[in-house]
Amino acid sequence: MSEIRPLEPIPSPLREQPDFAVPPALAAELDAVIARYPQARSASLMLLHAIQEQFGYISRQAVEWVAARLGLPPLNIYELVTFYPMFHAAPVGKYHLKICRTLSCALGGSHQLHELCCTRLGLDPRQHGPQTTKDGKFTVEFVECLAGCGAAPVMMVNDAFHEGVTPRRAEEILGGCS
Amino acid sequence: MPQEYRQILQHIDQPGYTPALECYLRHGGYAVLRQALALPPRTLPGGQVLSGPEQLRQEVMVSGLRGRGGAGFSCGLKWSFVDRKSGKPIYLICNADESEPGTFKDKQIIYKDPHQMLEGMIIASYANDVHLAFIYIRGEFVEGARILNRALQEARAKGFLGRNILGSGYDLEIHVHRGAGAYICGEETGLIESLEGKRAYPRIKPPYFPAVLGLYQCPTIVNNVETLCAVKHIVARGGAEYARLGTPNNTGTRIVSISGHVRRPGYYEIEVGKVTLGELIHDPAFGGGLREGRQLKAIIPGGSSAKVFKAGETFKLKRRGPDGKESVQEVALLDLPYDFDSLIAAGSMSGSGAIIVLDDSTDIVAALANIADFYAHESCGQCTPCREGSLWMAKALRRLTHGEGRPEDADYLAHIADNIPGGRTICAFGEACAWPVQSFVAKFRDEFIARGAADAKRRAASGRETAAPSGPPHPATAAALAQTPAE
Ligand SMILES: Cc1cc2nc3c(=O)[nH]c(=O)nc-3n(C[C@H](O)[C@H](O)[C@H](O)COP(=O)(O)O)c2cc1C
Ligand code: SF4
Ligand code: FES
């Protein structure tokens with residue numbers, strides 16, 4: 001007798017965030033953002049940015065909340081989270097280091113910079129995608145050109161750009177992340 | 001002596017110059033807007049009456065301004081294509097996505113002189129009967145978005161923006177819209193999709209020419225940050241006067257981003273065509289030459305999408321002599337005037353104005369592999385030739401840079417690259433990812449073949465007779481590629 005063997009369940013890429021709640025002040029601010037656009041759907045990226053800033057990542061509840069706010073099926077928001085590299089479906093470190101991988105920075109030592117950061121933080125320098133330290137303090141990843149090519153190598157720490165990051169400068173920057 | 005001509009960059013980096021409105025006003029800011037809004041209708045000899053906005057559009061046409069975002073298309077012509085009869089609103093979008101590798105000029109304007117860009121935008125909006133405009137800024141410019149929002153607030157408070165601007169009766173609102181890390185949002189129809197809140201999938205043209213069916217299916221103008229700044233200076237000087245800057249058909253000034261193996265990488269504003277590629281690289285006023293003991297190997301002259309030049313190349317170009325006669329002359333690479341037409345005639349382009357210099361220490365195969373990885377990561381994935389092709393090229397180049405190459409990889413790469421562009425894809429990304437591969441492999445063919453041959457020889461010596469499988473590598477998603485550590 002043959003049997004049908006079901007495959008393993010596929011986990012959702014989105015996390016559960018049961019206590020998800022948008023503070024009323026933020027919700028009001030976001031309604032004002034929506035009102036700027038002739039069509040509400042246009043505000044989706046701006047809402048996702050705001051939610052990510054508030055909670056650190058985009059959960060299933062967040063996707064559904066944004067979709068409801070804009071009168072869209074959740075899929076229309078989910079597909080943005082997976083398309084745009086800046087949105088993440090899981091929390092990242094307190095310090096998010098984005099190191100530019102592209103040509104001018106590579107010529108200026110970005111691979112060495114990436115290696116230095118990974119080694120210092122106990123991460124795998126051979127891995128290019130985002131990696132987070134066990135204590136959740138740092139995320140390091142290679143990204144594409146950050147429009148600072150004249151002062152290579154370029155690195156972002158959260159929202160701040162750092163240009164011409166020599167190994168010494170990198171040590172200082174890492175040391176300053178408390 | 002070649003020199004910078006700082007018009008857009010005039011105040012940027014001056015000690016004490018800040019992004020604040022009060023500083024901009026002290027330096028004569030918004031005077032050109034005032035002048036533009038006050039232009040009275042003009043009656044032509046034939047009796048036809050030209051409104052103020054029509055006169056402004058004419059000045060931009062006369063100026064010969066070509067877009068600074070990449071394609072170098074005439075700004076006046078682009079504006080003339082706008083469908084003004086549909087009765088639908090007309091939108092203007094400032095493309096502040098700046099993500100062509102090698103380019104870092106718009107960022108200087110946004111971060112250091114935001115009001116110059118806003119003044120240009122407001123004038124361009126008035127000239128085109130626009131009442132709602134957007135700034136699409138790349139997501140990583142978080143601080144840039146804050147600076148712009150602050151500048152917009154200041155401008156609103158002083159009546160340069162909002163209802164009844166400076167008492168003229170003209171209304172305009174401008175909003176900042178942030179992208180989220182995808183290069184394809186720089187392509188104008190991808191940008192429009194993204195501004196509509198969707199994935200940045202470029203639209204097929206025809207029918208979706210932004211001038212007719214753009215944002216919300218309404219006529220839309222997309223212009224680069226620097227182009228919009230130039231509009232301010234055109235209106236200040238007059239179109240004909242502006243056209244005296246630069247060279248014929250390549251008018252005005254443009255900001256060149258120089259990076260890679262030069263002593264003085266940075267952004268430099270020049271009169272278009274008045275400075276040569278060689279001067280930009282070697283002159284102490286610009287790139288300042290190569291490092292001690294190094295020789296030039298290659299130049300990428302217009303952002304990573306532009307076809308590479310090999311040191312020592314010469315070109316046969318039509319040039320006009322002082323007597324006005326055209327003749328074909330041989331021009332050496334470093335003597336090419338840095339402008340739109342000369343670089344196109346030489347088989348490449350000035351693109352976004354970004355020059356990446358490679359000296360003889362560069363592993364040319366690794367350099368192309370780096371570029372190819374960028375495109376494999378950034379293809380939006382709608383068109384099979386682009387999605388698969390950009391990935392196959394990146395995979396072949398990863399093999400070649402990791403000891404798994406084959407002598408025939410040069411031809412294999414050229415074959416893939418030749419089959420992506422030329423109308424097979426929805427947007428010009430197809431060209432952008434193919435051109436570097438086509439040009440690197442054609443111009444440095446020996447190095448690519450030698451690399452593959454050395455790998456094959458090493459494999460044979462170690463008893464691994466079979467090379468990496470021939471034919472296309474297995475398709476995988478671009479995301480997976482980005483996650484895979486280089487082996
Ligand atoms: C793949 C791709 C990426 C682009 N990226 C940018 C960009 O980052 N910034 C920009 O201004 N234009 C970019 N462009 C060009 C735009 O599509 C558009 O031509 C330009 O914004 C028009 O402005 P302009 O006429 O003022 O140059 C890109 C084009 C392509 C095909
Ligand atoms: S050419 Fe490439 S980037 Fe452009 S639409 Fe097609 S798949 Fe997307
Ligand atoms: S290549 Fe690194 S910032 Fe442009």
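Order of the sequence lines fixes the chain letters, A, B, ..., with proteins taken first and strands second; residue numbering starts at 1 for each chain.
- Only the side chain of B:Phe134 comes within contact range of chain A, with heavy atoms under 4.5 Å apart.
- Between B:Tyr183 and A:Glu144, the closest side-chain pair of non-hydrogen atoms is not below 4.5 Å.
- Residues A:Val143 and B:Glu140 are not in side-chain contact: their nearest non-hydrogen atoms beyond the backbone lie 4.5 Å or more apart.
- Interface residue B:Lys198: backbone and side-chain heavy atoms are both found under 4.5 Å from chain A.
- Contact detail for A:Pro85 and B:Gly181: the closest heavy-atom pair is CG-O, 3.1 Å.
- Proximity of a side-chain donor or acceptor of B:Ser259 to a complementary backbone N or O of A:Gly150 within less than 3.5 Å is not detected.
- No donor-acceptor pair closer than 3.5 Å links the side chain of A:His49 to the backbone N or O of B:Gly139.
- Taking the side chain as every heavy atom from C-beta outward, A:Tyr37 and B:Leu195 approach each other to under 4.5 Å.
- For chain B, no part of A:Gln52 is nearby; none of its heavy atoms comes within less than 4.5 Å.
- The environment of CZ in A:Arg120 is sparse: at most 12 heavy-atom neighbours from other residues, nucleotides or ligands sit within 6.0 Å.
- Inter-residue side-chain proximity for A:Leu45 and B:His177 is flagged as met; some heavy-atom pair is nearer than 4.5 Å.
- In this structure the side chain of B:Arg199 reaches within 4.5 angstrom of the side chain of A:Leu80, judged on heavy atoms.
- With a 4.5 Å cut-off on non-hydrogen atoms, B:Arg138 touches chain A through its side chain but not through its backbone.
- Contacts between B:Ser361 and chain A at a heavy-atom distance below 4.5 Å are absent for every atom of the residue.
- For the atom pair OG1 (A:Thr102) and CD (B:Glu100), the distance works out to 10.5 Å, reported to the nearest 0.5 Å.
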Exercise. B:Asp373 and A:His128: side chain to side chain contact (heavy atoms under 4.5 Å, CB included), yes or no, with the steps?
Worked result: CA-CA 12 Å; B:Asp373 268 332; A:His128 287 188; over 6 Å; no
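- Looking at heavy atoms from C-beta onward, B:Tyr91 lies in side-chain contact with A:Pro38 at the 4.5 angstrom threshold.
- Listed options B:Ser304, B:Gly266, B:Ser99, B:Ala200 were ranked by heavy-atom pairs under 4.5 angstrom with chain A; first place goes to B:Ala200.
- For chain A, the nearby part of B:Ile258 is the backbone; its heavy atoms alone come within less than 4.5 Å.
- Cation-pi geometry between B:Lys107 and A:Phe161 is met: the NZ or CZ atom falls under 6.0 Å from the ring centre, inside 45° of the normal.
- Within the 4.5 Å cutoff, the side chain of B:Pro101 has no heavy atoms near those of the A:Leu103 side chain.
- Proximity to chain B (any heavy atom under 4.5 Å) is restricted, for A:Glu163, to the side chain, taken from C-beta onward.
- Contact check for B:Cys185 versus A:Tyr84: side-chain heavy atoms found under the 4.5 Å cut-off.
- Looking at B:His175, the atoms closer than 4.5 Å to chain A (heavy atoms on both sides) all sit in the side chain, from C-beta outward.
- Only the backbone of B:Val176 comes within less than 4.5 Å of a heavy atom of chain A; no side-chain atom from C-beta onward does.
- Nearest heavy atoms, B:Ala182 versus A:Phe83: CB-CE2, 4.2 Å.
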Exercise. Can B:Tyr216 and A:Ser42 be said to form a side chain to side chain contact (heavy atoms under 4.5 Å, CB included), step by step?
Worked result: CA-CA 10 Å; B:Tyr216 312 124; A:Ser42 277; 2.5 Å; yes
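- Contacts of B:Ala366 with chain A are absent, with no heavy-atom separation under 4.5 Å from either backbone or side chain.
- Taking CD of A:Gln39 as the reference point, atom CD of B:Glu196 lies at 6.0 Å (rounded to 0.5 Å).
- Each of B:Val357, B:Asp359, B:Thr362 was scored for a side-chain contact (heavy atoms from CB on, under 4.5 Å) with A:Leu107, with one residue passing: B:Thr362.
- For a residue to count as touching a neighbouring chain, one of its non-hydrogen atoms must lie under 4.5 Å from one of that chain's; by this rule B:Ser257 does not touch chain A.
- A donor-acceptor pair under 3.5 Å links the side-chain atoms of B:Asn370 to the main chain of A:Arg101, judged by distance alone.
- Contacts of B:Leu215 with chain A are absent, with no heavy-atom separation under 4.5 Å from either backbone or side chain.
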